[in-house]
Protein chains: 2
Amino acid sequence: MNLKEFAKAIGMSQTTVSRALSGYPEVKQETRQKILKLAQELGYHPNRSAAGLATGRAGAVGIVLREGRGFDPNTTEFMAGLANRLETRQIDILISVVEDRQQELAAYQRLAGSKRVDAIILHTPTVDDERMDVLKKLKIPFIVHGRGADGGDYPWLDIDNYGAIYRATSYLLDIGHRHIGMINGSRGDVFAEHREQGYRNALKERGIVFRSDLLTSGAFIDDVGYRSMQDFLSLSEPPTAVLAGSMMTALGVMRAVRSAGLQLGADVSLIAHDDVFNYINADNMVPTVSTTRSSMRDAGVRIGDILLQMLAGRDMSGHREIWPVELVLRESTRPPRK
Amino acid sequence: MNLKEFAKAIGMSQTTVSRALSGYPEVKQETRQKILKLAQELGYHPNRSAAGLATGRAGAVGIVLREGRGFDPNTTEFMAGLANRLETRQIDILISVVEDRQQELAAYQRLAGSKRVDAIILHTPTVDDERMDVLKKLKIPFIVHGRGADGGDYPWLDIDNYGAIYRATSYLLDIGHRHIGMINGSRGDVFAEHREQGYRNALKERGIVFRSDLLTSGAFIDDVGYRSMQDFLSLSEPPTAVLAGSMMTALGVMRAVRSAGLQLGADVSLIAHDDVFNYINADNMVPTVSTTRSSMRDAGVRIGDILLQMLAGRDMSGHREIWPVELVLRESTRPPRK
DNA sequence: TTGAAAGCGGTACCAC
DNA sequence: GTGGTACCGCTTTCAA
């Protein structure tokens with residue numbers, strides 16, 4: 001059934017029906033209620049393609065994920081929050097998966113050019129990220145989860161990665177650690193650079209010399225945590241405390257510590273960054289793991305909010321948000337053995 | 001730029017341009033190449049809403065996820081495969097997130113009614129699943145990942161959950177275990193029922209009496225594994241081997257075993273089902289974990305294949321696929337202590 | 001507050 | 001092999 005048929009069936013004009021269903025104010029309250037009810041009963045749903053063609057809006061936002069990186073638990077958690085928020089306005093999320101940067105740019109071209117989405121969400125910006133410029137040229141609204149190296153003139157929302165690691169490192173120094181290892185995110189990702197700065201500055205302020213053999217970087221997977229920790233433990237002067245970039249990394253670290261016959265907390269301290277997943281919980285580990293905590297899901301919800309405002313035509317170009325990160329101390333952090 | 005403008009700019013008719021871009025055979029090869037090149041250069045992309053309106057096809061498939069269940073690592077892995085396959089034909093994936101079954105059905109109504117998607121992917125069917133009937137009534141093509149309790153007359157792809165657990169259980173019995181715990185998926189999910197059948201039948205064939213205190217069920221999260229295992233260990237006759245429904249569950253099991261001062265492999269054997277994630281690896285655990293293995297990602301790719309055929313108009317209604325599951329033995333399985 | 005009708009940008013039938 | 005043009009179903013201006 002289309003609008004014409006439906007309007008005829010209930011004895012109204014197409015115009016009035018369309019207005020009633022789209023919530024325009026000029027329709028009498030009573031008329032709207034009646035139409036809404038009838039649409040429900042007869043099962044009439046406006047055709048999205050037709051509406052999109054007429055309005056120029058797609059009613060969807062796009063997000064492009066890179067093969068092998070995209071669908072990790074982090075992104076996933078973020079999307080759950082995002083979807084949850086957008087669902088309230090019937091805005092759908094359109095997902096594309098690409099293999100490399102090249103293809104990603106092509107995907108933006110396609111999504112924007114064919115007007116398949118009204119806005120785009122960019123995530124995990126890198127130090128030399130060209131994507132923001134590309135999207136600007138394509139004239140499609142976008143928001144960045146994370147931030148560019150330049151903190152550019154587009155809306156973004158990021159957590160305080162610098163502050164989180166600065167505080168975590170400072171805390172470890174406060175309780176006496178002098179050799180602190182760090183297993184960071186991938187080199188070139190802005191958030192990882194920020195974390196490294198936080199780490200280095202905390203060390204510098206206490207006059208501790210930075211040791212390059214105590215810093216590794218890589219994807220947030222168990223294996224990277226394991227190998228990095230093994231490498232650390234084989235050093236002539238191994239770290240007495242370690243910062244892990246994610247809970248997955250932390251799992252690997254814990255594994256390496258156990259394999260070496262050491263005890264977490266007692267022999268080696270650990271603070272991991274926790275994006276808060278429901279299927280893996282720092283409080284449930286043995287020992288419980290200290291974390292710098294920030295909810296990926298909440299970030300998704302908030303970005304959904306901002307997107308909805310952008311779609312409503314509000315100018316959000318100057319919007320920036322930096323979320324503080326909690327430091328939650330648990331059993332995995334103790335002063336070093338004498 | 002729209003078709004009219006573009007066609008005029010390159011001195012061709014709209015018809016020819018449209019046909020060339022959509023790959024219709026009647027256009028001369030040479031003409032097509034020229035048009036393709038020009039479109040690229042001038043940055044012309046057909047408007048998807050307009051094309052959708054004219055063809056009645058949306059160029060997207062939909063998948064509805066339930067809050068708190070949807071975006072787990074399993075679904076996520078599946079989607080990566082799916083997206084990868086659909087991308088080759090520029091079919092997008094549209095995601096909706098809902099809170100309960102009620103809302104899920106409403107989402108299908110909306111997706112189908114407004115012709116936002118051309119097909120729908122259903123996953124994790126339950127024993128009394130009404131969704132397949134709803135979609136049939138909505139007359140929208142769909143495919144099920146998993147299968148209904150009735151193995152109904154719609155396309156589906158599933159792994160051999162029954163066989164996987166039957167074999168795993170049989171193996172444990174073969175090497176001498178007589179008390180085998182099972183931490184299953186959520187009650188009511190068809191795959192979990194199949195697994196339970198496999199478990200029970202293997203026991204029955206060896207004349208082992210089923211013990212209800214050795215069977216638990218719940219979400220595939222670390223915590224459920226931990227608690228279930230703790231409960232098992234507190235029994236007067238605890239199991240000497242355990243089947244875990246997922247790798248997340250396995251992590252919890254391992255935690256409980258360690259907490260109890262026991263050693264995996266030596267004191268308690270473990271076989272976990274592994275959907276193959278890249279960020280957590282059974283080979284990397286200590287000890288390495290035996291698994292029943294099936295790639296969620298591959299299933300996503302294959303479902304993408306089938307969907308593309310359905311969209312091409314092929315009748316797939318009788319399509320069924322059951323994938324075998326590998327049993328991979330590692331260090332976590334050993335004969336019970338005497 | 002309601003209605004008639006002109007687009008929105010493609011597709012695909014029909015003619016050449 | 002190529003081109004003219006009547007739709008596809010909704011939104012929104014303009015008029016009543």
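Numbered from 1 within each chain, the chains take letters A, B, ... in sequence-line order. Side chains included, hydrogens not; waters and symmetry mates left out as well; all remaining heavy atoms used. Computed from a predicted model, the values in this text were never measured in an experiment.
- Across B:Asp100, B:Val64, B:Val98, B:Val134, a single residue satisfies side-chain contact (heavy atoms from CB on, under 4.5 Å) together with B:Leu105, and that is B:Val134.
- In this structure, A:Leu21 and A:Leu36 have side chains that are in contact, with non-hydrogen atoms separated by less than 4.5 Å.
- Looking at heavy-atom distances under 4.0 Å, B:Phe6 makes no contact with the nucleic acid at all.
- Not counting sequence neighbours, A:Asp275 has no partner by the salt bridge (Lys or Arg N to Asp or Glu O under 4.0 Å) test.
- By the ring-ring contact (aromatic ring centres under 6.0 Å, His included) test, B:Tyr108 pairs with no residue at all, sequence neighbours left out.
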When you compare the protein's N or O atoms with those of nucleotides 13-16 of chain D, which come within less than 3.5 Å of each other, and at what distance?
none

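- The backbone N or O of B:Gly59 lies less than 3.5 Å from a partner atom in the side chain of B:Asp118, making a donor-acceptor pair.
- Side-chain contact between A:Val276 and A:Ser294: absent, with no pair of heavy atoms (C-beta onward) separated by less than 4.5 Å.
- Qualifying side chain to side chain donor-acceptor pair (under 3.5 Å) partners for B:Lys136, counting only residues two or more places apart in sequence or in other chains: B:Asp153.
- Evaluation of the salt bridge (Lys or Arg N to Asp or Glu O under 4.0 Å) test over residues 137-147 of chain A, restricted to residues two or more places apart or in two chains, returns A:Arg147-A:Asp158.
- Nearest-nucleotide positions on DNA chain C place A:Lys28 closer to the 5' end than the other of A:Lys28 and B:His45.
- Within the structure, side-chain hydrogen bond (donor to acceptor under 3.5 Å, both in side chains) contacts touching residues 34-59 of chain B (residues at least two apart or in different chains) do not occur.
- Across the interface with DNA chain D, nearest-nucleotide mapping of A:Arg48 and B:Gln14 shows B:Gln14 to be the residue nearer the 5′ end.
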Restricting both atoms to N or O, compile the protein contacts to nucleotides 7-9 of chain D shorter than 3.5 Å, with distance only.
none

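- A nucleotide of DNA chain C counts as in contact with chain A when one of its atoms lies under 4.0 Å from a heavy atom; the first and last such, 5' to 3', are C:dT1 to C:dG9.
- Taking five base pairs at each end of the helix from C:dT1-D:dA16 to C:dC16-D:dG1 and finding the rotation axis that steps the C1' atoms of four pairs onto the next four gives two axes whose angle is 30°, to the nearest 10°.
- Sorted by residue number, the members of residues 29-38 of chain A with any non-hydrogen atom under 4.0 Å from DNA chain C read A:Thr31.
- Put simply, CG on B:Asp92 and CG on A:Leu111 are 6.0 Å apart, with the number rounded to the nearest 0.5 Å.
- A 4.5 Å side-chain heavy-atom check between A:Arg101 and A:Arg66 finds at least one atom pair inside the cut-off.
- Contact check, B:Thr16 against D:dT2: no side-chain N or O comes under 4.0 Å of OP1 or OP2.
- Applying the side-chain contact (heavy atoms from CB on, under 4.5 Å) criterion to B:Ile63, with sequence neighbours excluded, gives B:Leu65, B:Phe78, B:Met79, B:Ile93, B:Ile95, B:Ile121, B:His123.
- Here the CZ-NE2 distance, from B:Arg302 to B:His145, works out to 12.5 Å after rounding to the nearest 0.5 Å.
- Shown here are the side chain to side chain donor-acceptor pair (under 3.5 Å) partners of B:Ser13, two or more places apart in sequence or in another chain: B:Thr16.
- Enclosure of atom CD in A:Glu26 by more than 12 non-hydrogen atoms of other residues, nucleotides or ligands within 6.0 angstrom is indicated.
- Residue A:Tyr24 places at least one side-chain N or O closer than 4.0 Å to OP1 or OP2 of D:dT12.
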